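The structure appears below as structure tokens.
Quick note on labels: first sequence line is chain A, next is B, and so on, each numbered from 1. The structure presented is a predicted model; accordingly, all values stated were derived computationally and were not measured.
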Amino acid sequence: MTEQDLEGLNPEQREAVLHTEGPLLVLAGAGSGKTRVLTTRIAWLIGSLGIAPEGILAVTFTNKAAGEMRERVEKMCGDAAAGVWLATFHSICVRILRRDISHLGYARGFSIYDEADSLGVVKEALRRHDIDPKAEDPRRLRWRIDQWKNAGVLPHQAEASAGDFEERRAAALYATYQKLLAEAGALDFNDLLLLTVQLFERFPDVLGWYRRRFQYVMVDEYQDTNRVQYRLIHQLASEHRNLCVVGDPDQSIYAWRGADIRNILDFERDYPDATVVKLERNYRSTSPILEGASGVVAHNVARRARGLYTEREGGAPIRLFEAQDDREEAQFVVREIVSAVREQGRRYGDFAIFYRTNAQSRVFEEQLLEYDVPYVVVGGVRFYDRAEVKDALAYLRLLRQPADSAALRRIVNKPARGIGKTTVEAAEREAESQGVPLLEGLKRFADSEAGARVAPKVARFVELLERLTREIGSASPSEAIARVLDQTGYLVDLEREGGPEAEARLENLRELVAAAQDFERANAEIRDEERSLLDLFLDQVALVSDLDEYDRRDEVVSLMTAHSAKGLEYPVVYLSGMEEGVFPHAGALRDDAGLEEERRLCYVGMTRAMEKLTISFAQQRLRFGSRTFGMPSRFLDEIPPAVVERVRPRFSHVPPPARTRSAPPGERAYDYSYAQESHAEGIVAPGLRVRHPRLGNGVIVKVLGNGPSQKIDVRFEHAGLKRLVLRFANLELG
DNA sequence: TCTGTAGGCGTTTTT
DNA sequence: CGCCTACAGA
């Protein structure tokens, strides 16, 4: 920590750094240097005020953000940074629970369930209630349970407040789901937070230890916290009250995941003595970019007006490109990147392509491959989500926690060893009736008369598990993985299979071993007498996303969703797919709140750009394998015309796009009169809610054909399933 | 029990 | 379009 670190700050930033005592709310606009404020603040506490690093807690949402902050703090105050608790909500909770969860009656060796595991538990809960998965969509139920958990509602509370039959049933399933998790010695993602809060509520002594310890608490991206996180933070900070939260209401994009804007409003209510600092100077974007983005978000009604201004006057206007279809859109972007690299000395790492949904990455990938442009898709399918990687990890989980039934179900017949579906179902019934974990149920079934046929196979499997348990007892993570893959015959099986697909899977497994070795190197000095390095490795892989590992120092073009883009910045940004129904997404248009969140998301995407921002949309696009027609996003109308310029491909060998729906772009610099018409006919896609003047409300289930004779199937709430000719149906968005 | 295939269904966004 | 599930046949 040097004087320079402080002097480089503007007055507001400095105030936020120096105001260390008492509650502080920092409203930090996009690109206003909030990470810098947070890291300097930590360095100031340690370096100048002499606070013990162990007394500081800093919470972020992504491991990446935590890692970046740690790096910067280290630069300012060296090794002392290691003592700071600087991590994501989830990893902090894991740390606390691994220490103290036994108070709640859980074993400390609990497994952490990912989404797929937890969906499996939901399905099992449905089976136990004899409910057909068709009658109650497991995914929807899971979502519902998540919502309850985000709000901090426990099963008995959900049951108590349930109104109709359906809700009572869902609440009962929630209770069963929780019971199954407990039996499996497992916690889902939300449990990590929820159980920590419960632990603190029910055991004030435990909380006392932590709240005395953390003299200073800081929270990044505060606008994205949910109610449980809110409670957690306030539990921890209420002793010393030195709580600093940093957020931007305009960048709140996780309401769908339970983020609650009340958390910002309540902050001022709960801490009437709070100091509020506003960071409104943007250091990132040029003025047209910032003006354009601000123009969009200013259309939100439920918003406190605020001013954000840039230091970077001038700069190129925002460019707008209309493509005939998604392929042309992608080709345009990729050709631009190629020529900017060739002719303007840009680097691939300067570019990012954003889209609303992961599925949209595909067209871009095709074009990038076509033009030999190196790229990375950030997010999407995680490395640790690949089937073979999950299999290997499931073995490890099962060995550490034999009750982990999701892990068992996953690998019980991988590679094939003759323990199939029928056997597992029988084991499940056994486990249910005896109230024992699935593995125990499997053993008991094998011992019974009915299970005589599979008994030898089960015995061999059990023996394998016992042997592995012995062998990996003190093994390092990479050794443990290697042994599992070897002893189970998994590797031999893949090698025998051969072919490019098997080869790719083998490669992924080699990568997994390498990742484990990296982990060992990075944590070589850690000595935790309670938990082995393998346990710590399993925790880490459960909690990291690809985004965390993503490193832009690789010189490649980055592709990601607008959500993933938050917190990042690029010299040149392409924001694609700006069509009604895509962005804003059709599924988010249910209510004003949904639309406003889409608008903030658009704002987030736009404000990632430092120098150049190009926005594009396509007249038609392939969705679900069929062609759909789109209208320009309403957000385009909201960008102040003065900062926008329409562009055409400037590549001579590209034939000019045939225009069918609108005048040639050159003739209208900025004109979306047709975008003002009803949005209902713009894009039709399954899942979209519509209203028919006579038939009432319904949901589109299928789109047939295209053009003027395009028909749709709509399931109406009262009138049932109807097939309508779109052009004559006179539908409104419902 | 395993393998192949036909049909159905889905996409928001993610720690 | 591509993934997953259900089902039929060996």
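- At B:dT13, none of the side-chain N or O atoms of A:Ser564 fall inside 4.0 Å of OP1 or OP2 (strictly under the cut-off).
- Salt bridge A:Asp146/A:Lys149: absent, no basic N to carboxylate O contact under 4.0 Å.
- Of the listed nucleotides (C:dG2, B:dT13, B:dT15), B:dT13 has the atom at the smallest distance from the side chain of A:His563.
- Backbone-only contact: A:Asn413 has heavy atoms under 4.0 Å from sugar-phosphate atoms and none from a base.
- Nucleotide B:dC9 holds its C1' atom 9 Å from the CZ atom of A:Phe624, rounded to whole Å.
- Nearest to the side chain of A:Phe189, among B:dT14, B:dT15, B:dT1, sits B:dT15.
- Side-chain nitrogen and oxygen atoms of A:Asn226 include none within less than 4.0 Å of the OP1 or OP2 phosphate oxygen of B:dT15.
- Residue A:Arg627 places none of its side-chain N or O atoms closer than 4.0 Å to OP1 or OP2 of C:dC1.
- A cation-pi arrangement, defined by a distance under 6.0 Å to the six-membered ring centre and an angle within 45 degrees of its axis, is present between A:Arg257 and A:Tyr254.
- What separates CD of A:Glu597 from C1' of B:dT14 is a distance of 12 Å, to the nearest Å.
- An OP1 or OP2 oxygen of B:dG10 is reached within less than 4.0 angstrom by no side-chain nitrogen or oxygen of A:Arg139.
- Ion pairing between A:Arg621 and A:Glu329 holds under the 4.0 Å rule for side-chain N and carboxylate O.
- Rounded to a whole Å, the CD atom of A:Glu365 is 15 Å from the C1' atom of C:dC1.
- For A:Arg362, whose side chain is taken as the heavy atoms from C-beta onward, the closest listed nucleotide among C:dG2, B:dT11, B:dT15 is C:dG2.
- Of the listed nucleotides (B:dC2, B:dT11, B:dT14), B:dT14 has the atom at the smallest distance from the side chain of A:Trp256.
- The OH-P distance, from A:Tyr113 to B:dT15, rounds to 21 Å in whole Å.
- Put simply, NZ on A:Lys64 is 16 Å from C1' on B:dT14, counting in whole angstrom units.
- Judged by a 6.0 Å distance limit and a 45° cone about the ring axis, A:Arg327 is not positioned over the six-membered ring of A:Phe364.
- To the nearest angstrom, P of B:dT15 lies 11 Å from CZ of A:Phe61.
- A:Ala562 comes within 4.0 angstrom of no nucleic acid atom, judged by non-hydrogen atoms across all strands.
- Contact annotation for A:Asp224: no contact, since no heavy-atom pair falls under 4.0 Å across all strands.
- The aromatic ring of A:Phe89 does not stack onto the base of B:dT15, failing the criterion of a centre distance under 5.5 Å from the six-membered base ring together with planes under 30° apart.
- A:Tyr574 has its ring centre no less than 6.0 Å from the ring centre of A:Phe354.
- Nearest-nucleotide assignment on DNA chain C puts the 5′-proximal partner with A:Leu622, out of A:Leu622 and A:Lys123.
- Straight-line distance from the CD1 atom of A:Ile253 to the P atom of B:dT13: 13 Å, rounded to whole Å.
- Ranked by how close their nearest DNA chain B nucleotide is to the 5' end, A:Arg453 and A:Asp137 are led by A:Arg453.
- For the pair A:Lys421 NZ and C:dA6 P, the interatomic distance rounds to 6 Å; values are reported in whole Å.
- In terms of phosphate contacts, A:Asn358 brings a side-chain nitrogen or oxygen within less than 4.0 Å of OP1 or OP2 of B:dT13.
- The side chain of A:Asn150 contributes no N or O atom lying less than 4.0 Å from OP1 or OP2 of B:dT15.
- At least one side-chain nitrogen or oxygen of A:Thr561 sits closer than 4.0 Å to the OP1 or OP2 atom of B:dT14.
- Taking the centre of each ring, A:His299 and A:Phe635 stay at or above the 6.0 Å mark.
- Heavy-atom nearest nucleotides on DNA chain B were determined for A:Ile419 and for A:Gln360, and the one closer to the 5' end corresponds to A:Ile419.
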